[in-house]
Q: 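Please find one structure pasted underneath; my questions will follow.
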Amino acid sequence: MKPLMLQGHERAITQIKYNREGDLLFSSAKDNAPNVWFSLNGERLGSFMGHQGVVWCLDVNWETTRLLTGAGDNSMRLWDVSNGKEIGKFNTTSSVRTCAFSYSANTAVMSTDKQMKSICEIYIIDVRNADASLESQDPIMRIPVDGPKVTSMLWGPLDETVISGHENGKITMWDLKMGKEVNSVHEHSSSINDLQFNKDGTYFVSASKDCTAKLFDTETLECLKTYKTERPVNSASLSPIMDHVVVGGGQEAMDVTTTSTRVGKFDARFFHLVFEEEFGRVKGHFGPINSLSFHPDGKSYASGGEDGFTRVHTFDPSYFEYQFDY
Amino acid sequence: MAKKKDAEKATQNDENSKQEKSEAVEEEEPNFSDPEDYVDNISDEDLLGDIVKTRPQETDGVESVIVVDGIPQISAERFEKLRNVVSKLFSKAGEIVNECYPKTPEGNTKGYCFIEYANAAYAAEAVTLLNNHKLDRQHTFTVNLFTDFKKYEEIPDQWEPPAPQPYTDMGNLHYYLLEPDSSDQYTTVVNRGNTVQIWLNTVPEPLKIVEKERWTETYVKWSPLGTYFTTIHQAGVALWGGPDFARKMRFAHPGVQFIDFSPSEKYLVTYSPNFESQGEPKNLIIWDIRTGQEKRSFFLNCQMMWPFIRWSHDDKYFARSDEDILSVYETPSFGLLNKKSFKIPGIRDFSWSPTDNILAYWMAEDKDVPARVTLIEIPSRNEIRSKNLFNVADCRMHWQKSGDYLCVKVDRYSKIRKEKNDAKYNVTFLGMYYNFEIFHMQEKQIPVDSVEVKESIHAFAWEPIGSKFAIIHGDQPNICVSFYGVKTGQTPALLKKLEKKCCNHLFWSPAGQYIVLADLRSSSGVLEFVDTNDFNVMAQQEHFQASDVEWDPTGRYVVTVCSFWKAKVDTGYSVWSFQGKILRRFNSGAFCQLLWRPRPPPLLSLKEQEKVKKNLKKYSAQFESKDRMRSSRASKELVEKRRTLMNEFNAYREKCHETWVEQKPRRLQLRNNVDTDEIESDAKNEDEEVIEFFVKEEITIID
């Protein structure tokens, strides 16, 4: 089927996310207005105006009432999804690189960049009764990260842990009761650009600049599978209904202007979760894919690219019929 | 030996006499002497080896003496005269201190004399200077050092055959031809040239035979018949072969850059731009491959393209060219053929026929003398054909592989413009056009046909087996590929012109008939597989940024390579069937080179080959069933592997799911007792929404 093209951003997409039900799709880009779209027809529902810099990350709570965004204007903001108004703002001393709601959405986590004199820090914030006073609130916890900065983040199940991916390829699990590192693995050799859970949160997939995506067990951080490509991987997502992984990336944005699209390999690639075999590719973007997400019903997926477009692909019946022999 | 025994006896006698004396003088002294029956089994060499070595020799002090033989035998009255002549002659070499002319009792000279010089150097000089000196018609001096007589005296009377060199068994160098499915081998250089691998191209997956780190320092090469594998090192060249790829031979040539094998693999030519300053300068060496001996070396300052020396097909002759000179050498003597070179003014290039000892060369145009292509027979040097050409800018000679035809591509100009520019003539050719001169080598007197093409030519290639040739001509974007057929007694006929193609290289299958048109210079890497029986484009494919195309020696597979030497990303190779079906892609970082192992020509006669072709159906059925079996086995293995993987993963997932189910109450607690485990699980809270779909757009213009 012809994909839906969501045009509304002026610059490269940084992250896309479906809400829990999958009727809405949120997108952030290097322009300063995150958007929300109807996933079914691609109509834009609205924008969240207020940021003054690149919006690096976003997350929506499970009830789809609040949106969290982190930006290069040294702030993290909380929005009301129903009217697009800013509820509160949390200022930092450097760019906010990652942000996420916990399972209960009572707390949020964010991490900042290592910039100038500021170090990379993980903040845990109480957002239960967030309002304009968020700015003056103290975070519940601040964890200074010594060493390579955090480039991607996930809440562990049951709000007890946080899993962070780092610039050097390390994945670390933090216990929030103690505020300490409890486990870490170094399976990737370069920056981890994305981390996404499966439906249950029992394992997750990482996307790394070292041209691979890997599957990890959430509890032990044991590496289970590896999906290899020839280009840096920016994002990977797990299908909620099939044993499939979609992996996206491509030649780095800074090199793209000097090469043709064919060298870039901007296709979304589908791998079998268990066999690690590639079985399909979807062309479309004319820049690297920065973010990928399966629809919660597993019948479509969306990709956001450096080219500023978000494409929503609905799978053909043949996709569901295709079976590996085993 | 006789002397030594004497000496021993002498010393023993001395001892005996001493003993006798001492016994006579003091009888109380303990007796240290050996018992009578004692036999001394220690020789003087063992006891006093170092001293015995310096024992004076009869010839000591006579190094400065020479023996002159062959002087006239004359009577006493003419002796003074002879002496004067000889003295004068021999004093040229140095100061003479003594002369001796042995004489018969009658006073006649005996026909030889001894001359002593002031030192040994003069004597040596006299030998080199005056040996074989002709005094007159009857008398020739034979001059030798006096010490040499001893040397020659010791030559044993009995001739002993030289000890045979131990025979080193090279093993079966042709084992790879015995491969039951006749899969071919190929070598790959990966990882920036640090790793060299040799593969067997088996179906469905290739099999790695050898892998070595740092096997070569620059590149690798197969010998022309595929017997040896060559690696290039700073210190020289190494040849490897046999089933285990052991080192078979080594050729030391520091800084070697280019190598070339003779067509029958008898000789190896190495070239190194840096040469040793001591001794005779040499930068090109010819080696015997079996013995590893250096056969001949040259110091060349060549303007020509490598190979600087070119071999005839049977290794009997090789030729090289210098300015206005063509030199042909013969093997195994490595001497100049008939001891002289050819004087060919203005020779620009030459090449050997691939099947006969015929040499073709061309001479450039010079004012009133036209350019000329000549064929000569070696070793008779008979000119068998020549052709004059006018308005020639350049010539290229292309032999057909079976030696039936020679095509000379002639670049010609219709006008020439000379501009005076800083006392230097700047020559510009205006209006180039091209001629293909086809020499029919198999016919009497070698008739020549020519084909003229007005457009620029990008590539030319003969069908290796057959009588077709292909050319790429035209200007962007109208590039055409034309195929011509050559027949006896007829001008070459245009068979087919494929228009508007995107290619710049031609690759014929080694078995003929099939050809790959490739676009290698730009990055697109378009490949077209053409069957030249009906000129049907069987497949159009693409290997992005491909830099090389290599047919396997049997013409069954084509490999396209994207080399690290050209591109930095996506290096690797793809294997295609001869019809252009992709069989395998292989990507590897910093992949450099792929080379098929050549095969020697088949031993079957043409008739037998025809028979095989005729019964192809019978054979192909066998091979196909074999292939099917292999691939089904492979897919069975794959399915097996997947099943175990799936079972393992399902077990893991089962375990995860259990914990997940256990945690359900805690999850409910975190989300206000709303069950969010499935999308549908919270159905009672659902709202209905109306969504509009954009179906079509109509524009009505209101004026």
Side-chain angles (χ1 to χ4, degrees), chain A residues 4 18-24 38-43 45 61-63 102-107 157-160 198-203 211 215 217-219 222 224-225 228-231 240-241 243 251 255 259-260 262-265 272-277 295-298 324-326, chain B residues 522-525 542 544-545 562 567-572 585 587-589 635-636 638-650 652-661 663-672 674 676-682 685-687 689 691-695:
Chain A
L4 292 172
Y18 282 99
N19 64 344
R20 189 180 59 83
E21 291 87 354
D23 61 331
L24 297 178
F38 283 115
S39 66
L40 207 57
N41 62 358
E43 190 188 329
L45 188 58
N61 69 344
W62 64 277
E63 292 168 304
S102 67
Y103 184 79
S104 62
N106 291 335
T107 44
L158 306 174
D159 295 6
E160 284 166 342
N198 72 334
K199 202 182 80 180
D200 305 347
T202 49
Y203 49 87
C211 306
L215 198 70
D217 178 62
T218 310
E219 219 175 286
E222 185 194 348
L224 305 168
K225 300 284 171 193
K228 284 185 196 139
T229 73
E230 300 100 57
R231 290 291 180 278
I241 54 168
D243 284 337
Q251 190 92 35
D255 302 330
T259 46
S260 84
R262 272 187 302 191
V263 190
K265 307 220 168 164
H272 192 278
L273 180 76
V274 182
F275 310 142
E276 306 172 341
E277 289 172 53
H295 190 281
D297 69 4
F324 275 86
D325 296 329
Y326 66 89
Chain B
S522 72
S523 61
S524 75
E542 185 185 282
F544 192 67
Q545 287 187 316
C562 175
K568 294 294 162 245
V569 288
D570 295 326
T571 54
R585 286 181 206 275
N587 277 324
S588 140
S635 65
K636 217 193 246 164
L638 184 69
V639 165
E640 201 78 4
K641 194 181 121 201
R642 281 178 179 169
R643 190 175 301 150
T644 45
L645 280 175
M646 202 62 190
N647 290 343
E648 276 170 28
F649 199 78
N650 277 339
Y652 160 77
R653 206 151 29 182
E654 203 65 27
K655 216 177 70 205
C656 287
H657 193 75
E658 269 169 37
T659 30
W660 186 70
V661 170
Q663 287 170 345
K664 183 153 185 166
R666 294 180 61 193
R667 272 201 302 279
L668 283 172
Q669 198 189 338
L670 283 171
R671 284 193 174 172
N672 309 329
V674 179
T676 53
D677 286 353
E678 301 293 334
I679 303 180
E680 300 83 21
S681 50
D682 192 26
N685 279 343
E686 245 167 42
D687 285 343
E689 257 181 281
I691 290 179
E692 290 169 3
F693 274 91
F694 183 80
V695 180

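What you are looking at is a predicted structure, and each value in this text was computed from that prediction instead of being measured. Chain letters run A, B, ... following the sequence lines, proteins first, then strands; residues in each count from 1.
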Q: If you count heavy-atom pairs under 4.5 Å between each of A:Asn106, A:Asp297, A:Asp159, A:Asp243 and chain B, which one has the most?
A: A:Asp243
Q: Is it the backbone or the side chain of A:Leu215 that comes under 4.5 Å from a heavy atom of chain B, or both, or neither?
A: side chain
Q: Could you look at A:Phe38 and say if it's the side chain, the backbone, both or neither that has a heavy atom under 4.5 Å from chain B?
A: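 Side chain only.
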Q: List the atom of B:Leu670, the atom of A:Leu158, and the distance in Å for their closest heavy-atom pair.
A: CD1-CA, 3.7 Å
Q: Is it the side chain or the backbone of A:Glu160 that comes within 4.5 Å of chain B heavy atoms, both, or neither?
A: side chain
Q: Examine the side chains of A:Asn198 and A:Thr202 and answer whether a donor and an acceptor come within less than 3.5 Å of each other.
A: yes
Q: Counting only non-hydrogen atoms closer than 4.5 Å, does A:Glu276 touch chain B with its backbone (N, CA, C, O), its side chain (CB onward), both, or neither?
A: neither
Q: Heavy-atom count check: over 12 atoms from other residues, nucleotides or ligands less than 6.0 Å from B:Gln663 CD?
A: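 For B:Gln663, atom CD is crowded (more than 12 foreign heavy atoms under 6.0 Å).
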Q: Given the options A:Asp325, A:Thr218, A:Leu224, which has more heavy-atom pairs under 4.5 Å with chain B than any of the others?
A: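 Answer, by heavy-atom pair count under 4.5 Å with chain B: A:Asp325.
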Q: Got a salt bridge between A:Asp217 and B:Lys655, using NZ or NE/NH1/NH2 to carboxylate O under 4.0 Å?
A: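 No, A:Asp217 and B:Lys655 are not salt-bridged.
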Q: Using the side chain to side chain donor-acceptor pair (under 3.5 Å) criterion, which residues pair with A:Tyr18? Sequence neighbours excluded.
A: none
Q: Specify which of B:Gln669, B:His657, B:Arg653 makes the most heavy-atom pairs with chain A at under 4.5 Å.
A: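 Option with the greatest count: B:Arg653.
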Q: Is A:Glu277 atom CD crowded by more than 12 heavy atoms from other residues, nucleotides or ligands, each under 6.0 Å away?
A: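 Correct, the count exceeds 12.
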